[in-house]
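Take a look at the structure below.
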2 protein chains.
Amino acid sequence: MGPVKTVKSDELALRLVDEAGRILSAEGPAALTLRRLAQTVGISTMPVYTLFGDKRGLLSAMYRDGYRRLGDALRTAGEGVDDPLLALLDIGHAYRATALANAHLYDLMFGRPDPAFEPGPEAQEVADAAYRPLVDGVRRCVDAGLMTGGEAERIAFHLWSVSHGMVSLELAGLQRSHPAQAYDEAMVFSATPFLV
Amino acid sequence: MGPVKTVKSDELALRLVDEAGRILSAEGPAALTLRRLAQTVGISTMPVYTLFGDKRGLLSAMYRDGYRRLGDALRTAGEGVDDPLLALLDIGHAYRATALANAHLYDLMFGRPDPAFEPGPEAQEVADAAYRPLVDGVRRCVDAGLMTGGEAERIAFHLWSVSHGMVSLELAGLQRSHPAQAYDEAMVFSATPFLV
DNA sequence: TTCGGGGAATAACACTGTTATAGTCGAGTG
DNA sequence: CACTCGACTATAACAGTGTTATTCCCCGAA
């Protein structure tokens with residue numbers, strides 16, 4: 001295969017992943033049909049198979065793209081803030097914001113929609129890369145002498161777990177009132193054991 | 001409609017929900033087909049529609065049943081332990097155990113598999129009833145003077161969120177090592193800000 | 001016994017993912 | 001420049017899904 005064609009193909013693949021994410025976030029997983037997707041993009045259903053091999057392949061690409069976007073959001077949120085603790089708070093807010101912005105993609109990333117959709121070690125890599133900014137933010141706090149009580153990775157994973165739990169419960173509709181305020185409180189509570 | 005028929009129908013409904021949960025946990029959501037379910041139970045697909053009206057109705061019944069089972073597990077775990085803090089730990093362990101025991105049902109309860117599958121206020125009620133034992137356990141600790149720093153409901157929701165986050169990340173395959181130990185640590189960390 | 005009605009079985013419909021078949025367009029060669 | 005070859009595409013067919021219309025049967029009441 002020539003290089004020009006692959007460029008074209010990559011372009012089409014990007015457009016497909018993008019439009020699929022739009023459909024998924026707008027109308028839910030039931031509306032994400034290969035025929036529907038192909039029609040809105042203006043092609044047939046076959047290119048999806050030549051590009052991704054399968055619908056699972058498309059979902060896997062969306063999965064990776066979602067983690068990539070999440071990582072970008074966390075990274076840009078962490079940059080530009082001098083106070084390491086405030087940067088950590090901004091990262092937490094960015095996490096919730098991006099999760100709420102496209103809830104169905106979040107479901108795809110953290111749920112297992114299909115038994116054949118195994119995350120695999122590659123998925124673990126993209127997830128690690130996505131929450132790397134959080135680890136860096138925690139490490140900044142540790143290096144600045146603001147946090148202690150464990151390795152940065154462990155603390156970061158705990159913070160991630162709390163944020164994810166709050167957002168997940170909120171998305172599931174199991175949050176009685178003032179979700180934003182409850183999220184802020186949870187962030188403070190989860191960081192408390194590690195503050196000096 | 002006569003009472004006898006409703007009893008029979010209720011029996012069949014229970015069997016359907018039970019077998020559907022078994023199929024879901026064993027082979028995933030893709031295997032949960034109405035024809036498959038009807039065949040294994042030994043009936044046609046029609047009774048499913050007369051009993052639940054829809055596949056969404058069946059999923060909704062499974063949803064409620066899952067929360068009911070979760071609530072039972074938490075309640076039985078909380079009873080029989082004198083030390084309120086140890087009871088809280090047992091509740092947390094029971095939460096993780098039941099979640100891991102039937103992961104796909106957990107997905108159904110905390111994810112939104114279908115856009116038309118709105119949890120609604122009724123779902124919020126069953127969820128509240130399910131984690132009521134946790135609230136009671138926290139209240140016991142507060143009343144015993146072992147915890148403080150907020151209302152029992154707020155503290156319980158925070159603990160729930162942490163447990164749910166840890167279990168959810170573990171189920172998503174995003175846990176590097178020793179998930180049980182990490183879960184225990186997270187429980188301690190999440191309770192630390194409230195211990196006297 | 002007869003009749004009526006509610007639920008169940010069968011089969012049809014529209015739709016899905018997937019695949020086999022056929023067609024079409026462009027690039028490389030004589 | 002004509003031609004052939006090959007990859008990629010669209011069309012259509014296949015198996016299977018949720019759902020529904022039709023038919024049928026069986027059980028209870030008059």
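Here is how names work: the chains are called A, B, and so on, in the same order as the sequence lines, proteins then strands, and each is numbered from 1.
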When A:E27 is tested against each of A:R22, A:R36, A:H104 for side chain to side chain contact (heavy atoms under 4.5 Å, CB included), which residue passes?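 Among A:R22, A:R36, A:H104, the one that satisfies the side chain to side chain contact (heavy atoms under 4.5 Å, CB included) with A:E27 is A:R36.
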Can you measure [X] atom [atom1] to [N] atom [atom2] for me and round it to whole angstrom units?
X: A:L58; N: C:dT18; atom1: CG; atom2: C1'; value: 14 Å
X: A:L51; N: D:dA7; atom1: CG; atom2: C1'; value: 13 Å
X: A:L12; N: D:dA7; atom1: CG; atom2: P; value: 19 Å

Given 3.5 Å as the limit, does a donor-acceptor pair link the side chain of B:Y183 with the main chain of B:G92, or not?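 Yes, because the side chain of B:Y183 sits within donor-acceptor range (under 3.5 Å) of the backbone of B:G92.
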Please examine the side chains of [Y] and [X], heavy atoms only from C-beta on, and report whether any two atoms are closer than 4.5 Å.
X: B:F52; Y: B:L59; value: no
X: B:L88; Y: B:M187; value: no
X: B:L195; Y: B:M147; value: yes

Distances under 3.5 Å only, N/O to N/O: pair up the protein atoms with those of nucleotides 17-24 of chain D.
unit_1: D:dT17; atom_1: OP1; unit_2: B:T33; atom_2: OG1; d: 3.4
unit_1: D:dG18; atom_1: OP1; unit_2: B:L34; atom_2: N; d: 3.3
unit_1: D:dG18; atom_1: OP1; unit_2: B:K55; atom_2: NZ; d: 2.9
unit_1: D:dG18; atom_1: OP2; unit_2: B:L34; atom_2: N; d: 3.1
unit_1: D:dG18; atom_1: N7; unit_2: B:R35; atom_2: NH1; d: 2.9
unit_1: D:dG18; atom_1: O6; unit_2: B:R35; atom_2: NH2; d: 3.1
unit_1: D:dT19; atom_1: OP1; unit_2: B:D54; atom_2: OD1; d: 2.5
unit_1: D:dT19; atom_1: OP2; unit_2: B:Y49; atom_2: OH; d: 3.2
unit_1: D:dT19; atom_1: OP2; unit_2: B:D54; atom_2: OD1; d: 3.0
unit_1: D:dT19; atom_1: OP2; unit_2: B:K55; atom_2: N; d: 3.1
unit_1: D:dT19; atom_1: O5'; unit_2: B:Y49; atom_2: OH; d: 3.4

Which word best sums up how the rings of A:F110 and A:Y106 line up, parallel for under 30°, tilted for 30 to 60°, or perpendicular for over 60°?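 Aromatic pair A:F110/A:Y106 classed tilted.
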How is B:T50 classified with respect to the nucleic acid when contacts are heavy atoms under 4.0 Å: base, sugar-phosphate, or nothing? sugar-phosphate
